Amino acid sequence: MTPLVAIAGCPNAGKTTLFNHLAGARHTVGNWPGQTVERHEGIFAVNGERFQVVDLPGTYGLVAVSAEESIATGFLSRNHPAVVVTVVDATSLSSGLHLAAQVAEAGLRQVVALNMCDVADRRGLGVDVAALEGALGMPVVPTVARSGKGIPELRAAVAAVAAAGAPVSPLVIDYGPVIERHLGALVEAAVECPELDGLGPARWTMLQLLAGDEQTTRAAESIPGAGDLVAAGRRAAEAIAAEAGVEAEVALAEQRLQWVAGVLDSIGGRGPSGPTWSDRFDRVLTHRWLGLPIFLAVMWVVLRVTADVTAPYLNWVQATISGPVSRWAMMGLEAVSLDGGWVESLVVEGVLAGVGGVLAFVPVLFGLYLMLAVLEDSGYMARTAVVMDRTMRAVGIPGKAFLPMMVGFGCTVPAIYATRTLDSPRDRLLVGLLTPFMSCGARLPVYVLLAGVFFVGHRSTVVLAMYLLGIVVAILIGLVLSRTVLRERHPTPLVMVLPGFRLPDLRTVWSLVKGRTWAFVKGAGTVILAASVGVWLLLAIPIGSGSFGDTGVEKSAFGGTSKAMAVVLKPLGFGEWEQAGALLSGLVAKEVVVSTMNQLYTGERPADQQGSGGFVGDLREIGSSFLGASWDTLRAIPAVVGLQFVDSTGEDSTALQSAVRASFEESSGGHGALAGLAFLVFVLLYTPCIASLAAFRHEFGTRWMGFMVVGQFLVAWLGAFAVFQIGRLVGWG
């Protein structure tokens with residue numbers, strides 16, 4: 001049987017980076033059984049012996065508070081891994097050793113990976129590894145996860161501990177006379193119930209009951225004859241709280257931290273001589289008054305890079321797909337005698353116009369993911385929770401909730417799953433209802449398209465406004481919900497360990513960007529392909545007269561459905577059936593809004609089939625236009641740094657842009673820009689996609705999912721209505 005190795009550690013200790021080095025390319029990503037939290041699992045070998053390694057969610061201790069922590073603690077208690085690798089941040093020994101102490105108390109074999117030793121050395125934090133190993137009574141391996149230093153030694157230590165075989169003696173910490181008196185009585189009673197042995201050593205199980213760990217309590221209650229012991233544990237916890245003046249869980253943690261302090265004193269650890277450069281940065285970046293303006297400035301730069309610097313590549317991809325690629329597809333169909341019929345229509349007007357219209361925005365999303373990955377790996381993203389805590393807590397939203405909401409800027413689905421990091425069911429539900437208002441990456445193509453049509457020269461400003469509007473709307477709705485159906489009874493303070501600032505690691509950044517961009521491309525090849533073909537099929541099915549594949553768009557099944565929906569949207573300034581159809585298809589995925597517009601407005605075949613000079617001429621055209629896009633991108637970078645306005649799409653409008661402009665001008669009675677802005681507000685505020693609904697239903701149930709769908713549609717309709725009607729009254733657009 002392959003020995004099981006679990007990697008545990010506090011958040012931001014470098015745990016997952018260490019796992020990636022251990023498992024190398026031989027790891028998979030799935031979900032925990034019955035959960036929607038990602039599970040990373042892999043294999044590594046030492047001298048021919050294979051080990052299965054599992055990366056546990058980050059946790060500060062083995063008394064679960066959040067849903068992700070419950071996964072980590074539950075896995076350790078149920079699976080009893082052969083070895084636990086506890087990753088300890090060398091710059092924050094106290095919190096890391098607090099977790100290591102609990103693992104040792106649980107009677108699990110353990111290797112401590114002392115990570116970020118390079119950072120500790122630079123800060124003057126001397127750590128005597130040999131002395132620490134002796135004080136803990138377990139192997140301690142210094143590592144630098146970002147560079148892979150110490151990984152071979154860590155593998156060898158894991159193999160040696162796993163091969164030892166003999167049971168380990170659980171760590172025994174003296175918790176003082178008050179706790180020990182009650183704990184001793186509980187342990188004596190637990191010894192008389194051998195069925196509890198499956199939960200771990202008797203002393204550890206009773207410590208978990210005293211701390212109120214829900215998983216241990218539920219497991220003990222399910223054991224016949226242990227119900228009285230659970231009740232005795234509750235009474236003992238109440239007695240300890242009365243005598244110690246603090247909750248039993250807090251009293252246990254205080255004593256455990258005193259033990260950790262004793263260990264650190266015994267090894268003669270030195271503290272830093274003064275504040276680090278990271279501390280100096282934090283004084284500014286998390287400042288009460290400066291923190292928020294700096295955050296907004298950072299987001300401004302992110303979106304300038306996303307919307308402006310990548311725009312030349314967007315135009316290049318669009319021109320390549322609508323030109324050479326479409327010509328090649330039609331030439332191929334002609335070669336096999338499939339041109340001129342419904343097959344050609346499916347390929348050119350369905351697949352290429354749909355998926356190609358979305359793939360054109362891959363450079364834009366690549367830019368967004370690149371900037372967010374740099375901020376994540378540098379440690380700045382964690383600071384956003386501190387910056388936003390005061391503002392969000394004033395309206396009943398925990399500051400820690402801003403981290404899942406920031407994840408929502410990439411994709412709503414993992415953002416909903418990320419609510420599991422929050423401490424209470426009420427907070428998780430509230431934030432789950434608010435994260436869909438964050439502008440996910442799938443909405444970005446719609447923003448860029450409409451802003452490029454109606455707000456030439458100010459596109460990045462409009463895109464930033466959409467992102468900020470989503471945050472503002474989420475906060476306002478959070479204020480309403482927290483004062484009504486989700487009233488907060490016991491607010492929890494923000495408790496998190498900020499990672500030190502560091503230069504982003506290129507390998508880590510590239511891994512994040514590559515994974516997220518590839519996920520989008522796969523979506524374009526699966527969900528968006530299916531949606532595009534579905535839209536084409538509805539366009540090909542006639543209502544009344546006509547034949548399949550040869551019917552007017554307005555007389556198709558898609559046109560009929562869209563016309564029915566358009567009536568509801570008429571007061572918003574975009575009541576044409578094409579616009580309604582694009583929004584309807586956007587329920588599948590927001591990228592499909594653009595692909596549907598591309599199909600409806602520019603579904604005709606390419607006009608020039610022979611003007612490229614053949615295949616070689618097409619390749620020459622692709623190469624030269626790519627070099628031109630690269631040069632335009634290089635010219636745009638200094639403009640972003642200098643905060644100069646630049647808009648590379650303002651020179652020549654594409655066929656899609658021209659068609660969209662004409663459609664919105666007609667539907668709004670000459671207020672095209674205002675109607676376009678109202679359309680963007682609606683796209684921002686209505687249901688993100690079917691996948692997000694499925695995730696929300698899994699996490700919070702069908703009833704709350706229905707509440708979210710109806711509520712978001714009403715908010716979107718009212719928001720777009722206010723923008724268009726009020727704007728028209730005051731003479732905008």
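None of these values were measured; they are calculated from a predicted model. The figures here come from the full heavy-atom set of this structure, side chains too, leaving out hydrogens, waters and symmetry mates.
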- [ ] Using the six-membered ring wherever Trp is involved, compare the ring planes of Y447 and Y467 and label them parallel, tilted or perpendicular (cut-offs 30° and 60°).
- [x] perpendicular
Task: Side-chain heavy-atom pair V83, V111 within 4.5 angstrom cut-off - done: yes
Task: Note, R50 side chain near F44 side chain (heavy atom, < 4.5 Å) - done: no
Which value, rounded to the nearest 0.5 Å, describes the distance between [X] atom [atom1] and [Y] atom [atom2]?
X: S266; Y: L132; atom1: OG; atom2: CG; result: 8.0 Å
X: F51; Y: R155; atom1: CZ; atom2: CZ; result: 11.0 Å
X: I7; Y: K15; atom1: CD1; atom2: NZ; result: 8.0 Å
X: Q208; Y: E249; atom1: CD; atom2: CD; result: 9.5 Å
X: D89; Y: L97; atom1: CG; atom2: CG; result: 10.5 Å
X: R443; Y: C440; atom1: CZ; atom2: SG; result: 4.5 Å

What are the two closest non-hydrogen atoms of [X] and [Y], and how far apart are they?
X: V53; Y: A23; answer: CG1-CB, 4.2 Å
X: A135; Y: V263; answer: CB-CG1, 3.9 Å
X: P170; Y: P201; answer: CG-CG, 3.7 Å
X: V141; Y: G150; answer: CG1-O, 3.9 Å
X: T17; Y: A145; answer: CG2-O, 3.4 Å
X: V119; Y: T91; answer: CG1-CG2, 3.7 Å

Task: Exercise: do T73 and Q215 side chains pair donor with acceptor under 3.5 Å - done: yes
TODO: Tell me yes or no: between the side chains of T86 and Q110, is some donor less than 3.5 Å from an acceptor?
DONE: yes
Open item on the list: One pair to check against side-chain contact (heavy atoms from CB on, under 4.5 Å): T143 and L114. What are the steps and the verdict?
Closed with: CA-CA 6 Å; T143 62; L114 193 64; 5.8 Å; no
Backbone of [Y] reached by a side-chain donor or acceptor of [X] within 3.5 Å:
X: N115; Y: A13; result: yes
X: Q102; Y: L62; result: yes
X: H21; Y: I151; result: no

Open item on the list: Which residues pass the ring-ring contact (aromatic ring centres under 6.0 Å, His included) test with Y380, not counting sequence neighbours?
Closed with: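 Counting only residues at least two positions away or on another chain, Y380 forms no ring-ring contact (aromatic ring centres under 6.0 Å, His included).
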Task: Contacts of type side-chain contact (heavy atoms from CB on, under 4.5 Å), residue A101, not counting sequence neighbours - done: L171, I173, R256, W259
